[in-house]
Peer 1: 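Got a structure here, written out as structure tokens. Questions coming.
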Amino acid sequence: MRIARRLIDIAGLRDIIQRRIPVLVAESRQPGPVVWLTACIHGDEVGGTAIVHDVFARLRKEGLGRGAVHAFPLINSMGFENVSRYINTEREDLNRCFPGDPKGSMGEQIARRLYHTIMKSDPSLVIDIHNDWVQSIPHVLLDPPKSYPDGTTERRTLELARAGGLLLVEDSDVFHPLRNTLAGAFVDAGVPAFTIEAGGAFAVVEEGVAAGRDAVLSTLHSMEMIDWFVPAGQSDKMMPLRYTNRPLCSTSGLIRFDVHPGQEIREGQILAKVYSAFGSCEESLLAMADGFVLGLEDHARVLPGREVIAVAEQH
Ligand SMILES: [Zn+2]
């Protein structure tokens, strides 16, 4: 096996700013599946970069039996430097620009370059690694069932995601309509792809990194690319839960939560209360179904209509 590193050029202001994106490749002598890991497309979600580093450190030490693992360890260098989700002061979200457009906005041009680079390698799987609210648990986010172009892509995506052993959550096109994401663009093209939300953003949260790294290695193991890793947990029979950001807040004030990330909840259970400056309770937020708490809002100040909790609901 050999590990190579290179930089690819992306759109910039010609002769003023030159931006390049790092690429890592671990390649076995034996042919096999091609897996891509993409990280830090949101510049403040840095845990994925550490996950890529740790996966490659293990591959360097233990080897890769067949196929290749490619990675973009740090896509959004501009956001990383500025501790921002976005790629520029226009607040363009690169993860809403796929599959991109060579004549489009800056984000769409970068997305096009990334999309082509991955597609050229004939990928078997793309895992896009993100981070979530500071108080959140690692989980896999799958595209909504209706978004798959065919049953084969859907079944294979679910099978590979299950092999990782993390809680599986399918996105909701009603509550959380995400358009033009990286993972979504590959699913549209019939390439299995999913997102790992590896715990809190901003700082490297080591438990999130360990969970994400083990999920990636477990998936590689299931694809018979590595034989030296023993998957910790399997979620073979697990049906994906459904993502919801409901209930939203309908008042403003200071929010205090009665639940914590990872906690199992029952329909009607109090999730949080919103208090006025005098300490009177303005509102109680109640669980709308049975499920698990995925994450809690980073800020104490809440406003009407605001998302304050992420929940994985049972169907
Ligand atoms: Zn993200």
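Every number for a ligand or one of its atoms is a count from 1 in the order of the listing. The model shown is predicted, which means the values in this text are computed figures rather than measured ones.
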Peer 1: Under 2.8 Å from the Zn ion (ligand 1), can any N, O or S atom of Glu197 be found?
Peer 2: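 No, Glu197 does not qualify, because none of its backbone or side-chain N, O or S atoms lies under 2.8 Å.
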Peer 1: Please walk me through it: do Lys61 and Arg58 pass side-chain contact (heavy atoms from CB on, under 4.5 Å)?
Peer 2: CA-CA 5 Å; Lys61 186 158 169 254; Arg58 292 298 298 275; 5.5 Å; no
Peer 1: Does CZ in Phe229 sit with more than 12 non-hydrogen atoms of other residues, nucleotides or ligands closer than 6.0 Å?
Peer 2: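 Yes - once you tally the heavy atoms of other residues, nucleotides and ligands closer than 6.0 Å, there are more than 12.
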Peer 1: Quick one: report the N, O or S atom of Glu45 that is nearest to the Zn ion (ligand 1).
Peer 2: OE1
Peer 1: Salt bridge check, Asp101 against Arg112: does any charged N sit closer than 4.0 Å to a carboxylate O?
Peer 2: no
Peer 1: Using a 3.5 Å distance criterion without hydrogens, assess whether the side chain of Gln109 forms a donor-acceptor pair with backbone atoms of Gly104.
Peer 2: yes
Peer 1: State, to the nearest 10 degrees, the angle whose vertex is the Zn ion (ligand 1) and whose arms point to ND1 of His130 and ND1 of His42.
Peer 2: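 Computed angle, vertex at the Zn ion (ligand 1), rounded to 10 degrees: 100°.
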